[in-house]
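Letters A, B, ... are given to chains in the order of the sequence lines, protein chains preceding strands, and every chain is numbered from 1. Please read all numbers here as calculations on a predicted model, not as lab measurements.
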Amino acid sequence: MSSGFDLNHPISVPDKPALEGLEQKWTARWESAGLYRFDRAKSREEVYAIDTPPPTVSGSLHVGHVFSFTHTDLVARFQRMRGKAVFYPMGWDDNGLPTERRVQNYFGVRCDPSLPYDSSFAPPEQPGKQPVPVSRPNFIELCARLTVEDEKAFERLWRHLGLSVDWSMTYATIGRRAQHLSQLSFLRLLGRGQAYQLEAPTLWDIDFRTAVAQAELEDREQPGAYHRIRFARADGGFVEIDTTRPELIPACVAIVAHPDDQRYRPLFGSEVVTPLFGARVPVKAHALADPEKGSGAAMICTFGDVTDVVWWRELGLPVRAIIQPNGTFKAVTWGAPGWEATDPSAAQAHYDQLAGLPPTKARARIVELLKQSGDLLGDPRPITHAVKFYEKGDRPLEIITSRQWFIKTMEHRERLLQRGREMKWHPAYMQTRLENWINGLAGDWCISRQRFFGVPFPVWYRVREDGTVDYDARLVATEDRLPIDPSTDVPHGFTADQRDRPNGFSADPDIMDTWATSSITPQIAGGWIEDPDLFARVFPMDLRPQAHDIIRTWLFSTMLKSELEHGTIPWKNAAISGFVLDPDRKKMSKSKGNVVTPLALLEEHGSDGVRYWAARGGPGADTAFDPGQMRVGRRLAIKLLNASKFALSKSEPTGPITAAVDRGLLTNLARLVRESTEDFENYQYTRVLERTESFFWFFCDNYLELVKARRYGDHGAELAASANSALLTALSAFLRLLAPFLPFATEEIWSWWRPGSVHKAAWPTEAEILDASCGEDDRGYLALFFAAEILGEIRKKKSESQRPLKTPVARLVIHAAESRLELLPEFEQDLRSSGLVQEINTLASDGFQVDVELAPESGPPQRPE
RNA sequence: GGGCGGUUAGCUCAGUGGUAGAGCACCGGCCUUACACGCCGGCUGUCACAGGUUCGAAUCCUGUACCGCCCACCA
């Protein structure tokens, strides 16, 4: 393979090789040589394409990113050396709430989508107390300004870590291309009926004041209490129910019990009256009601939880909504249509004490009222229960009826399950996560958010003559205009002054869920639409690397979009990284104050050292943060420098590899290469590192020691030539095997004696090594390990005798099976020099034993000073 | 409540039917012309627990416990 630089390559080994400074040296050279540029002349079969996860730029990179991005880079480097043109872009996720919050605080502004774009706007020097309102396009500009700085810092870190990304191919999830394709994808789905708008009860965060999707929920254990409440029956009796949300009694539209529940069967079809508000509500039967829970009867409110929504829909109940988008109780006129009460003024008097309050305060208040009225039976019984939260939110979600955009998912579930099975998962069991998620889907994907910083929907609506918006009269942007912002752009046939005017138009105020954009990262990176030639060469991609916590979001939504747009899987492989754990097995997170700055780690242990630690965490494996392993990796890199210096320092003469131990070494190395190639193809990079490392240490500790004298010429030129050639062959293979893991040390060493970059060198092959050593040599293989074993016994004796290793051995008696003793001539000379052995005797024996007789200590011991 | 992983030396982890392993840590020793950012040696185990299959189980099966994670209609 060709490479772009350093074609002059005299062997030149530094006196004191060191790791320090290699990151700066080589990142600069790789960049100037364009080493990792994607070669778009290659056909799809010759390409290995990666759908890199775009890190969130408004946060900071942490050690978990370093961990998982290293895994991807290992695979990228391997595939590149296998001859693939590696498509390895980098995206920046600057879309969404985290950035929105950061921009608000940093510049002291607030997005007001109703404002027109002001091209001369400049943010305040210092953020003031009152945020300055700005238009959405201005807000997005500020965002781009801030994130561009973050992105530079991220890129520096990634380069320092040695990621072999093609830095000419970056994208941002709020970038023009991402906006264009997000809107285009939306419009096409809309055109095909796969996207639709609906006014329906939706999960709602009252602080962010936006709808959220099922995928963004999380359960949190919260303290709560069962309140036993009585509802009056017409016959003067009562129905008792338990509720954790008594404040929703004014929103109660029915009571429900299980159809088979004998206690309530007589009541089905009758009406009861809500306490405090005197609303008549029916008693209904539904199979979801659990006779075991509470009293067996429950009140249905619009809406307390998702079960209420099911009951409301399936039982055909009316809506009596009381919670507003900001979470407070809205004003209600009791006695008005929909709010009928037996005593409207009493109901009003009670309700007025709740209006304007948030749910928790309203709950406390209504408990007082219920106590006074006698409708609260006994004391509230405290419990702990799981409550749904928006994953970024601070207060429990409410369910609020609102107009939202959805993408159809429910009708594609079976096909998506099949697509999941078409992919290879690393590790395989992660596929179960996807299947669990798909099987548990409760509804279509809500993609609209009532936020500002994100990709807007390219849609306007007609405004009626009376000034109300006609949501059925959609004005959809044409594809050639994209990307557009409907809050400043004007639909065809209208003028700007018709915005929000009678008979004019009004913009869709919402933006897309961040996953609606992230779900097309393969299309954004691969040039879908604007570069069909590139797209054909990279899509469907080979690899999606990501963490397991976003299988239900990023992975799933990307599969959905790919299915709907292209009818294929988006990638052939999904490699799922684990988390980095504290030593106490908890997930590392900022809130625990245990986050280490990645750059400091890289500087302390060297990028190769940190990569070594990361590479030891296999696919899917949660891995402990362990600086000890980074030190081990660093030592491996240093050892590689020094062993290479030895191998290259006196590399003449070379010649045929004839000595048995030399051929044995290469025989073992050839097997290692074969197995490592298979392992790497299967994303088992951890095994490659482990085995290569292990054999490399054997190579250093035993083989190098055995052949040291010989390669210096002590046993003649021919045997020296065999040793030198074997050393160079082995070194070349070791460097290439370790190049994905230790890109800096291996590149440095490669530059001492080989042309080009090790990262563009061909991955070693079994055949190549066996060619160099004229085929496999099992006898040599056995001889090498036998020699190493005897050498170990000699060292042991010296160590136990507390004598220097250079102490001569006067006499060696080797007890072993005849079949092994017969190998001795193959390595006798090497053994004599490396162990400083004077006399060797052998004794046929069933077991293995070595008697070592050290030379007497020479001269009188020196007196300490 | 359902599911997925895990449990092996003080620590981090390999090991998927054939005599329990590595590195780190610890202890002892060694200036050995590649490396003192080094080298050599040593110590360390009810393979979570209980049954079962097998000539033989860390490994396969059943169950249990604990840890972590994912999911769930949570009144």
Response to the item:
With the side chain defined as heavy atoms from C-beta on, A:V632 is closest, among B:C35, B:C4, B:G23, to B:G23
Could you list the donor-acceptor pairs under 3.5 angstrom formed between side-chain atoms of residues 250-258 of chain A and any protein atom two or more places apart in sequence or on another chain?
{"unit_1": "A:H258", "atom_1": "ND1", "unit_2": "A:D260", "atom_2": "N", "d": "3.1"}

Discussion item. What's the gap between B:C61 and B:C69 when it is taken at their C1' atoms, as a whole Å value?
Written reply: 25 Å
Enumerate the protein-to-nucleotides 25-28 of chain B contacts in which both atoms are nitrogen or oxygen and the separation is below 3.5 Å.
{"unit_1": "B:G28", "atom_1": "N2", "unit_2": "A:S799", "atom_2": "OG", "d": "3.0"}

Worksheet item: Looking at residues at least two apart in the chain, or sitting in another chain, which of them share a salt bridge (charged side-chain N to carboxylate O under 4.0 Å, His left out) with A:D626?
Response: none
Practice prompt. Name every residue in residues 304-316 of chain A that has at least one heavy atom under 4.0 Å from any atom of RNA chain B, in order of residue number, or write none if there are no such residues.
Written response: A:T307, A:W311
Fill in: Between B:C43 and B:A20 - C1' atom distance, rounded Å
16 Å
Item to complete: Using the closest heavy atom to pick a nucleotide of RNA chain B for each, name whichever of A:P804 or A:T432 lands nearer the 5' end.
Response: A:T432
Practice prompt. With sequence neighbours left out, write down each residue that passes salt bridge (charged side-chain N to carboxylate O under 4.0 Å, His left out) with A:D261, or none if nothing qualifies.
Written response: A:R263
Worksheet item: Closest nucleotide of RNA chain B for A:V256 versus for A:W437: which of these residues is on the 5' side?
Response: A:W437
Worksheet item: In terms of ring plane angle, is the pair A:W613 and A:F67 parallel, tilted or perpendicular, where the classes change at 30° and 60°?
Response: tilted
Worksheet item: Does the B:C35 base have a donor-acceptor partner in the side chain of A:K639 within less than 3.5 Å?
Response: yes
Response to the item:
Residues passing the salt bridge (charged side-chain N to carboxylate O under 4.0 Å, His left out) test with A:R634, sequence neighbours excluded, are A:E20
Worksheet item: Under 4.0 Å between a side-chain N or O of A:K645 and OP1 or OP2 of B:A34?
Response: no
Worksheet item: For B:A57, which nucleotide in any strand shown is its Watson-Crick or wobble partner with both distances under 3.5 Å?
Response: none
Practice prompt. Apply salt bridge (charged side-chain N to carboxylate O under 4.0 Å, His left out) to A:E652 and list each qualifying residue two or more places apart in sequence or on a separate chain.
Written response: none
Worksheet item: Does OP1 or OP2 of B:G42 have a side-chain N or O of A:K798 closer than 4.0 Å?
Response: no
Worksheet item: Quick one: side chain to side chain donor-acceptor pair (under 3.5 Å) partners of A:S833, sequence neighbours excluded?
Response: A:H715
Fill in: Contact list for residues 700-709 of chain A, test salt bridge (charged side-chain N to carboxylate O under 4.0 Å, His left out), sequence neighbours left out
A:E705-A:K708
Worksheet, complete the sentence: Among the nucleotides B:A14, B:A34, B:A75, whichever has the atom closest to the side chain of A:F646 is B:A34
